[in-house]
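Order of appearance sets the numbers: ligands from 1, and atoms from 1 within every ligand. Bear in mind that the values here come from a model prediction, so they are computed numbers and not experimental data.
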Amino acid sequence: MEDADLRIIVSQSPMRIAVLGAGAMGSLFGGRLHEGGADVVLLDVNQPHLDAINRDGLRLVTDGHDRHIRLPALRPEQAPTPPDLLMVFTKSFQTADALAAVQPRLMAHTYLLTLQNGLGNRERLASVVAEDHILIGMTDYPADYRRPGYVESHGDGVIRLRCADGIERPILDRITAAFSAAGMDCQIDLNVEAAIWQKVAFNTALNGICAVLGCTVGQIAAAPEGPTLARACVDEVLSTAGALGIPVDRAAAHAAVAHALATHGGHKPSMLQDLLAGRRTEVDAIHGEVIARARRLGLAAPVSETLYRLVRLAEMLPPRDRSSGQAR
Ligand code: NAD
């Protein structure tokens, strides 16, 4: 067989995708990519979730469309053939352990993609593969894990990504084609770091304030001081990004926060949900990474630091005290 024929067959075969961390987002993305024709395996350590998926299929409800998707769900160390793409969707603080379990299964051709929230995700992937096999990005598709085997999502979203080193490689076209076949909006964005930082600014403000107060997003607007604090936080985070030379869009970031305050009134951000459930939050990857970068630049980040300290303190308090308001 000629090399050209082989290339055609390889490019036409379904993309092999392993999703490392198949909770809310990993199940949504893995399930939809499977529906789009990709060869997907879910990898997770949540045994009841794995068992339910392998027994009944993954129950995925997107905008009222309720179905059970049949796809394999395994523990990371059982990952089968090395994938073309390993999509990492653990929480940021779970990434290192998860990668350690799959590292022996990765091959030279495997690319790693992170769409996780926060900062430092690229560096975590760089501990197991070379920079030229890392893709970074962000997404605002939402997802909620309801119970083992069952995940919900609603509304549209976008995925923005690029190769970590900025080089445009064929893998980008394969990934965007896989998402397109799944009916998901995926765009190659050479300026994706701006989108990542704008989302970090949004999360630092809204997740932080809601987590500390135990309030919904809409309740931030109950007094003028709430939106003022959120704007100060966004400005502070984006000043750090600006000092790093990242061309962020301040107006867009402020508009995103204002839109959330106006339209996501009853939403409890994930950081608050984690605190209420007694789980560890991603405050280190969100506020903590911003503070560390600001410090390295000699900048002050007092709003992020205050929110960081309060969330860390809240993580140490019993969940019942927080939900009853006694911790305030
Ligand atoms: P999640 O907690 O629902 O899912 C994480 C999954 O990782 C869990 O199923 C957990 O069992 C698994 N995991 C933990 N340790 C593991 C290990 N060692 N090996 C394999 N799997 C392991 O979290 P999520 O909401 O899906 O969020 C994942 C990431 O995506 C986070 O960084 C989050 O900030 C980001 N994100 C979430 C949303 C959302 O709407 N949920 C939107 C955008 C971005």
Side-chain angles (χ1 to χ4, degrees), residues 18-32 41-53 58 60 62 73-79 86-105 112-122 124-125 128 136-161 184 186 192 195-196 198-200 202-204 206-208 211 217 256 260 264 267-289:
V19 181
L20 184 62
M25 293 298 280
S27 292
L28 170 68
F29 275 57
R32 292 203 56 178
V41 59
L42 303 180
L43 304 174
D44 207 290
V45 291
N46 177 349
Q47 196 60 47
H49 189 47
L50 299 177
D51 291 343
I53 294 169
L58 167 68
L60 184 61
T62 49
L74 303 168
R75 297 188 72 86
E77 62 276 12
Q78 297 169 331
L86 182 79
M87 190 178 300
V88 181
F89 257 138
T90 54
K91 291 282 179 73
S92 50
F93 53 85
Q94 298 162 335
T95 303
D97 283 351
L99 286 176
V102 292
Q103 189 173 10
R105 310 249 163 194
L112 269 61
L113 166 64
T114 169
L115 300 173
Q116 295 155 291
N117 279 333
L119 300 170
N121 298 308
R122 165 193 191 152
R124 282 182 270 280
L125 301 196
V128 293
I136 56 170
M138 58 76 67
T139 181
D140 58 4
Y141 276 97
D144 291 300
Y145 174 87
R146 295 293 180 212
R147 56 177 177 268
Y150 177 16
V151 165
E152 282 186 2
S153 179
H154 60 275
D156 278 336
V158 67
I159 300 146
R160 299 187 185 283
L161 51 79
M184 297 175 82
C186 177
V192 77
I196 292 171
Q198 282 165 222
K199 187 155 191 222
V200 167
F202 179 97
N203 285 336
T204 308
L206 299 196
N207 274 267
V217 169
H264 299 174
H267 177 62
K268 288 182 182 172
S270 59
M271 198 170 278
L272 172 58
Q273 291 182 34
D274 287 338
L275 281 182
L276 292 174
R279 293 187 297 258
R280 182 175 170 184
T281 72
E282 290 188 294
V283 72
D284 283 314
I286 299 174
H287 302 73
E289 292 277 354

Is [X] close to ligand 1, meaning an N/O of one under 3.5 Å from an N/O of the other?
| X | result |
| --- | --- |
| Asp97 | no |
| Leu115 | no |
| Ser92 | no |

Considering only heavy atoms, which of Pro48, Ala98, Gly118 lies nearest to atom 18 (N) of ligand 1?
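Looking at heavy atoms only, the winner is Ala98.
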
Could you name the option among Glu282, Met271, Lys91, His49 that has the heavy atom nearest to atom 32 (O) of ligand 1?
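Heavy atom nearest to atom 32 (O) of ligand 1 belongs to Glu282.
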
Identify the closest protein heavy atom to [atom]: which residue and atom is it, and at what distance?
| atom | answer |
| --- | --- |
| atom 7 (O) of ligand 1 | Gly21 CA, 3.5 Å |
| atom 5 (C) of ligand 1 | Phe89 O, 3.6 Å |
| atom 29 (C) of ligand 1 | Thr90 O, 3.5 Å |
| atom 16 (C) of ligand 1 | Val45 CG2, 3.5 Å |
| atom 4 (O) of ligand 1 | Gly23 CA, 3.3 Å |
| atom 37 (C) of ligand 1 | Met25 CG, 3.4 Å |
| atom 44 (C) of ligand 1 | Asn117 ND2, 3.4 Å |
| atom 11 (O) of ligand 1 | Asp44 OD1, 2.6 Å |

Per-atom contacts of ligand 1 with [X], taking only distances under 4.0 Å to non-hydrogen atoms:
| X | value |
| --- | --- |
| Asn46 | 11 (O) |
| Pro76 | 19 (N), 20 (C) |
| Thr139 | 43 (C) |
| Ala143 | 39 (C), 40 (O), 41 (N) |

Residue pair Glu152, Arg146: steps toward the salt bridge (charged side-chain N to carboxylate O under 4.0 Å, His left out) verdict:
CA-CA 7 Å; Glu152 282 186 2; Arg146 295 293 180 212; 3.1 Å; yes

Tell me the closest heavy-atom pair linking Val45 and Pro76, and the distance in Å.
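Val45 and Pro76 have their closest heavy atoms at CG1-CD, 4.0 Å.
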
Considering all heavy atoms of both residues, which atom of Ile286 and which atom of Val200 are nearest to each other, and what is their separation?
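That would be CG2-O, 4.2 Å.
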
Contact between ligand 1 and [X] is defined here as a heavy atom of the residue under 4.0 Å from a ligand atom; is it met?
| X | value |
| --- | --- |
| Lys199 | yes |
| Pro142 | yes |
| Ser270 | no |

Are the side chain of [X] and the backbone of [Y] linked by a donor-acceptor contact shorter than 3.5 Å?
| X | Y | result |
| --- | --- | --- |
| His49 | Ala22 | yes |
| Thr114 | Ile136 | no |
| Asn207 | Met271 | yes |

List for me each residue that meets ring pair (Phe, Tyr, Trp, His ring centres under 6.0 Å) alongside His264, sequence neighbours excluded, and say none if there are none.
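By the ring pair (Phe, Tyr, Trp, His ring centres under 6.0 Å) rule, His264 matches His259.
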
Gap between atom CZ of Phe89 and atom CG of Leu113 - 0.5 Å precision:
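So the CG of Leu113 and the CZ of Phe89 are separated by 7.0 Å.
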
Roughly how far, to the nearest 0.5 Å, is CG of Asn203 from CG of Leu119?
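Result: 10.0 Å between the selected atoms.
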
Are Val128 and Leu112 close enough, and set up right, to give a side chain to side chain contact (heavy atoms under 4.5 Å, CB included), and what steps lead you there?
CA-CA 10 Å; Val128 293; Leu112 269 61; 3.8 Å; yes

Lys199: partners by salt bridge (Lys or Arg N to Asp or Glu O under 4.0 Å), with sequence neighbours left out
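Scan of Lys199 (salt bridge (Lys or Arg N to Asp or Glu O under 4.0 Å), adjacent residues dropped) gives none.
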
How about Arg75 and Gln47: does a side-chain donor come under 3.5 Å of a side-chain acceptor?
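Yes, a side-chain donor-acceptor pair sits under 3.5 Å.
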
